[in-house]
Amino acid sequence: MAISEGGLLTDQIRCQVWPRLLNVSVEHLPPAAEPELRVGNKDYQQVLLDVCRSLRRFPPGMPLSEREDLQEQLIDIILQVLSQNPQLHYYQGYHDIVVTFLLVVGSRMATALVDKLSTHHLRDFMDPTMDNTKHILNYLMPIIELVNPSLHDFMQRAEVGTIFALSWLITWFGHVLSDFRHVVRLYDFFLACHPLMPIYFAAVIVLHREEEVLECECDMASVHHLLSKIPQDLPYEILISRAGDLFVQFPPSELSREAVLQHQAQRTAASTFKDFELASTQQHPDTVLRRRLRETVQGDDGAKSVLTKPRSNRLMKLAVMGLTVALGAAALAVVKSALDWAPKFELQIFP
């Protein structure tokens, strides 16, 4: 459901599924934070400032007392996770991710989920420096080049770089999307996929806006200004499907080679995702995806990708990689609407 059209549909389902996707036991949740946690904490003042500026992340019309209580819980969750993992470093934007979990699953479960997420999917963003974050951003342009060389060349001439996508990546788009429904839909998808999936989703947003970009003046300021503002009416389900397709067609290992970045791969959390996947015994969405893809390939051997321009021997390579890559999402393009069967499915597994 998380990778299919519509996602997990309700927060009630997310409360049961998100812990499974992260292999977190709901039977052993951490206790509430102690008041002493804030005393002398080196991150407290910065976290407090960021949380106080996060008013728009809370539902409009929420009573002031309720919002203030949630903001206090948000501060405690962040400080508790950081205190339990001294190797992690707080970054501005981290609170945008944490508040999403708080609003969906509540304080104690959010603490457990964010703790696991911070030591796996978000680990590279929480280093003392931004070196690994920059490395992940470096995957963006190779994806665009493989799909649309002319758009890539235009952006290279404009020297726009990738910094426009920084806030997208480090907040899982929570900071830039105003509709909470779209945010949690993306979180469904990202939690069920490889840690690098957000950068693939960033790429499909840029590709989707090709016409707008090419109509810009070919200079850094104009292109950066355009891309840094995400339209709120994007076709999210289509883009999610395309991001999954691109992940299978151009897996991180291939992009890393093409971008001459493989020598850094061992230092990123994305490179250790296989260990996390093997440790998780609760959920294996990669198995579902590979089975769906296998059925699709058998049913339509002649199908060709509409996302990329053919290159020498590439279609054969992609077909092979698509059957073997872990946690690819190519099957999203062929999955029938989850809305047709999800309610019945919900009744069966969530009595």
Test side chain to side chain contact (heavy atoms under 4.5 Å, CB included) on Thr111 and Leu102 and set out the steps.
CA-CA 8 Å; Thr111 302; Leu102 172 61; over 6 Å; no
Over all heavy atoms of both residues, which pair between [X] and [Y] is shortest? Give the atoms and the distance, please.
X      : Y      : value
Pro19  : Met109 : CG-SD, 3.6 Å
Phe189 : Ala243 : CE2-CB, 4.3 Å
Met220 : Val160 : CG-CA, 3.8 Å
Leu239 : Leu234 : CD1-CB, 4.0 Å
Met1   : Leu8   : CB-CD2, 3.7 Å
Val176 : Ile230 : CG2-CD1, 3.6 Å

Side chains of [X] and [Y]: do they bring a donor and an acceptor to under 3.5 Å?
X      : Y      : answer
Arg67  : Gln71  : yes
Tyr94  : Thr171 : no
Ser222 : Asp219 : yes
Gln73  : Asp69  : yes
Asn148 : Ser150 : yes

Nearest-0.5 Å distance, [atom1] of residue [X] to [atom2] of residue [Y]:
X      : Y      : atom1 : atom2 : value
Leu137 : Ile170 : CG    : CD1   : 9.0 Å
Asp50  : Gln92  : CG    : CD    : 4.5 Å
Glu215 : Phe154 : CD    : CZ    : 9.5 Å
Leu37  : Leu79  : CG    : CG    : 5.0 Å
Leu140 : Ile205 : CG    : CD1   : 10.0 Å
Ile78  : Ile97  : CD1   : CD1   : 10.5 Å

Any chance [atom1] of [X] has more than 12 other-residue heavy atoms, nucleotides or ligands included, within less than 6.0 Å?
X      : atom1 : result
Gln156 : CD    : yes
His225 : NE2   : no
Glu159 : CD    : no
Gln87  : CD    : yes

Connected via hydrophobic side-chain network under 4.5 Å: [X] and [Y]:
X      : Y      : value
Ile143 : Ile163 : yes
Leu214 : Val147 : yes
Ile238 : Leu246 : no
Val99  : Met62  : yes

If you apply the rule side chain to side chain contact (heavy atoms under 4.5 Å, CB included), what do you find for His89 with Asp127, and how did you get there?
CA-CA 6 Å; His89 296 261; Asp127 278 346; 5.8 Å; no
Does any part of the side chain of [Y], heavy atoms only, come nearer than 4.5 Å to the side chain of [X], both counted from C-beta?
X      : Y      : result
Val51  : Leu48  : no
Leu191 : Trp172 : yes
Met141 : Thr162 : yes
Tyr90  : Val81  : no
Met155 : Leu227 : yes
Ile136 : Asn132 : no
Leu226 : Val213 : yes
Phe125 : Met130 : no

Evaluation steps, side chain to side chain contact (heavy atoms under 4.5 Å, CB included), between Leu88 and Leu122
CA-CA 10 Å; Leu88 302 180; Leu122 306 180; over 6 Å; no
With distance as the sole test, does [X] use its side chain to make a donor-acceptor pair with the main-chain N or O of [Y] at under 3.5 Å?
X      : Y      : value
Gln232 : Ser178 : yes
Glu237 : Gly7   : no
Asn41  : Asp43  : yes
Gln80  : Pro31  : yes
Ser54  : Arg57  : no
Arg123 : Ser118 : no

Arg38/Asp76 salt bridge by N-O under 4.0 Å criterion
yes
Those residues that, when tested against Pro35, pass side chain to side chain contact (heavy atoms under 4.5 Å, CB included) (two or more places apart)
none
Listed once per pair and sorted, the side chain to side chain donor-acceptor pair (under 3.5 Å) pairs that draw on residues 197-209, sequence neighbours left out
Arg209-Glu212
Is the distance from the ring center of His194 to that of Phe190 below 6.0 Å?
no
Applied to residues 13-37, the ring-ring contact (aromatic ring centres under 6.0 Å, His included) test, sequence neighbours excluded, yields Trp18-Phe101
Side chain to side chain contact (heavy atoms under 4.5 Å, CB included) evaluation trace for Tyr236 with Phe201
CA-CA 10 Å; Tyr236 290 95; Phe201 190 79; 4.2 Å; yes
Asp245 vs Arg242, test: salt bridge (charged side-chain N to carboxylate O under 4.0 Å, His left out). Steps then yes/no.
CA-CA 5 Å; Asp245 288 337; Arg242 289 176 177 171; over 6 Å; no
